[in-house]
There are 2 protein chains.
Amino acid sequence: MTRETGRGRSSTPPRSADVAQLAGVSQKTVSRVFNDEAYVSADVRRRVLKAAEELGYRRNNAARALASGRTRSIGVVTLGTALYGPASLLMGVERAVRDTGYALRVVNTVEGDPTGIAGAVDSLLDQGVDGIVISEPIDEGGDGDGTESSVRVDVPVLVCGAPPPFAAPRVLAAGVGAELMARTVTEHLLDLGHRTVHHLAGPQRWYAARDRLDGWRAALTAHGRDEPPVVEGDWSAASGYAAGRELAADPDVTAVFAANDDMAIGLIRALTEAGRRVPEDVSVVGFDDIPVAAYVSPPLTTVRQPFDAVAQEGLKRLVHAIENPQADPLAASDPPVDLIVRASTAPPPPSNGRTSTQH
Amino acid sequence: MTRETGRGRSSTPPRSADVAQLAGVSQKTVSRVFNDEAYVSADVRRRVLKAAEELGYRRNNAARALASGRTRSIGVVTLGTALYGPASLLMGVERAVRDTGYALRVVNTVEGDPTGIAGAVDSLLDQGVDGIVISEPIDEGGDGDGTESSVRVDVPVLVCGAPPPFAAPRVLAAGVGAELMARTVTEHLLDLGHRTVHHLAGPQRWYAARDRLDGWRAALTAHGRDEPPVVEGDWSAASGYAAGRELAADPDVTAVFAANDDMAIGLIRALTEAGRRVPEDVSVVGFDDIPVAAYVSPPLTTVRQPFDAVAQEGLKRLVHAIENPQADPLAASDPPVDLIVRASTAPPPPSNGRTSTQH
DNA sequence: TTGAAAGCGCTAACAG
DNA sequence: CTGTTAGCGCTTTCAA
């Protein structure tokens, strides 16, 4: 266990004290230089940097965390799917976290784990993170079973598009704008002259799915239209296909808003197979703008979510909450809506709809 | 800064010493219990656990890392895309890491960062990880510019499907089986009677793209067929579309192997628009089996990569290397191939190919 | 089977 | 502008 006090290839990595010795300053001064603190003369700074370079010094984060009580890391809870939306959001979060200078730790909610998100948060807390992002919250229906209350979360939590899933003292909600987008696509369909719009929803445990449903409902209500029964899928193209077979049988269906592109594509396939043309007989819009959306047949009308912008703003607010525990949280702004009209939407067939533009 | 020595709501979280005091044992004994060390009587263990529970004790990982020199975390370098393949692999890695009991840290290679993967690795090293996974290596062409040599990587590195991108003493290569899969799909096309197979490749900086190209080439060579010029895309459906316009003009093209499904879909659209039917005139196969692959028109023949299996085995080997620095690395096994034949492939049109099955 | 002592490498107060 | 002195909460020896 001998540590060579001088330089030279030792088996253990160099410490700040080694750098200090080589630079002829105190250890604290090395710390100052690496933390960009004020009050270090340019000359000393240079000498320290040079010594550090020479030794190949890098700060020990464990020691930093222990001494300061902060890990400078943020944990994100994901759902462990490669679905385009969640995956894009995760990438946005990564970029945003990196911009803030924090490190990123990732935990999935485990498949069969009954503790779900709470369990994932717990494991993040075990690791010692300064803040938590729940990128794709789902409602685990845990009211009353105690799961929620057992975890004491004392770091700020950012939840993307949902109310707090458990009691934490400092929760920030990041609006992802899904509701407004859903409203917009529904209105796009209404504007084309459709009497009403059907909705192929995502699984309602997901808040992302609920937001879209809410937006759809709001649009119909605002325009005084009938609200047809909701069909619920599971985000998969297969479930969209299944729903499509049902909907194809109903001649009243002239417009469908699917909660994601995958389902929309399955839906279109089922409609087509049933002899209902898209968009001549039935208009379909999706959600997400997955990479192939413009190249399927027909090219899909859809909306694109501003994942990067949402993640960036959310993280700015989270970091603010971390670093200013007492201050009021920063306000959130509404992300922009990006409706992409392609060829899967059109006016309803003349036989079926009055062509009146009822505005 | 007073810390209440007893229990009670203190502002600072409880330490192992607090637990020890409450349980009436030494602090070291608490440590023993939480590390599942031998030589702790059942009675003591019980008491310690109870005290810990009561206090809401959780181990401080920073302190553990500092004292033991291990962070019990693994870092993964990703490319920051939501492409289905990379995203799926990342999710597989997360699951696999969690199974090993390590924590996961994620870093993207930054868009405009010239240091690329080396920079990402460096930042992981800064954070102090025990091992590194490079999930989607690309060739950054950095030979001679010194980028590679400057980083001293002293932890084991697992690279998925590529030779080591830089000199690190302990590098493991995880075969993802892409080459074999590419061979298999190419042979599938040959078996259908196509005289040769064109390849729409991915960007050749990606090793994943090179593997597929190699497999394609190997199949053609093994069967003594002509090797048509390679068209290179960028994974996007748009690039597949562009390539498709080119290929559609060439009547000799009867079968195309696209390096991913997105490009295949773009390609099919271009072919269709040019009047060449898929699969009657041209067969197309993709790669990845993205969620919508079965629902586009025509349903796409493709291969599915065993991301979870690859990640699991890779991580087992990485952890082995971390925990047994001296031992020989574990051997890798070949992942299985899962060819999914759907409706985008068929025998070549009679006008164009001799219908001989040349085996 | 248990405990005491000694750090791990850094930051946080204070002095100068 | 720079240095000194204490810890942060664990794991690691080494004893008992």
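- Positionally, the nearest nucleotide of DNA chain C for A:R59 lies more toward the 5' end than for the other of A:R59 and A:R32.
- The CZ-P distance, from B:R58 to D:dG9, rounds to 15 Å in whole Å.
- When every heavy atom of B:G80 is checked against every heavy atom of A:R95, the shortest pair comes out as O-NH1, 3.4 Å.
- Without hydrogens or angle criteria, B:R59 side chain to B:F34 main chain gives a donor-acceptor distance under 3.5 Å.
- Protein atom CG of B:L66 is 9 Å distant from nucleotide atom P of C:dC10, rounded to whole Å.
- Residue-level contact check: B:F34 touches neither bases nor backbone, having no heavy atom under 4.0 Å from any strand.
- Between A:T29 and D:dC1 there is no side-chain polar atom (N or O) within less than 4.0 angstrom of OP1 or OP2.
- Set against D:dG9, C:dC10, C:dT11, the side chain of A:S31 has C:dT11 as its closest nucleotide.
- Look at A:Y57 and you'll find a side-chain N or O under 4.0 angstrom from OP1 or OP2 of C:dC10.
- In the set C:dT2, D:dT2, D:dG3, the nucleotide with an atom closest to the side chain of B:S41 is C:dT2.
- No engagement by A:N61 is indicated, since no non-hydrogen atom pair under 4.0 Å with the nucleic acid exists.
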Tell me, with the steps shown, if A:R46 and A:D43 meet side chain to side chain contact (heavy atoms under 4.5 Å, CB included).
CA-CA 5 Å; A:R46 201 170 16 248; A:D43 174 52; 4.1 Å; yes
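- Listed candidates were D:dC10, D:dT11, C:dG9. Nearest to the side chain of B:S16 is D:dC10.
- Within the 3.5 Å criterion, the main-chain N or O of B:R58 finds no donor-acceptor partner in the side chain of A:D126.
- At least one side-chain nitrogen or oxygen of B:S26 sits closer than 4.0 Å to the OP1 or OP2 atom of C:dG3.
- Judged by closest nucleotide on DNA chain D, A:Q27 is the one of A:A67 and A:Q27 placed further toward the 5' end.
- Across the interface with DNA chain C, nearest-nucleotide mapping of B:V44 and A:A62 shows B:V44 to be the residue nearer the 5′ end.
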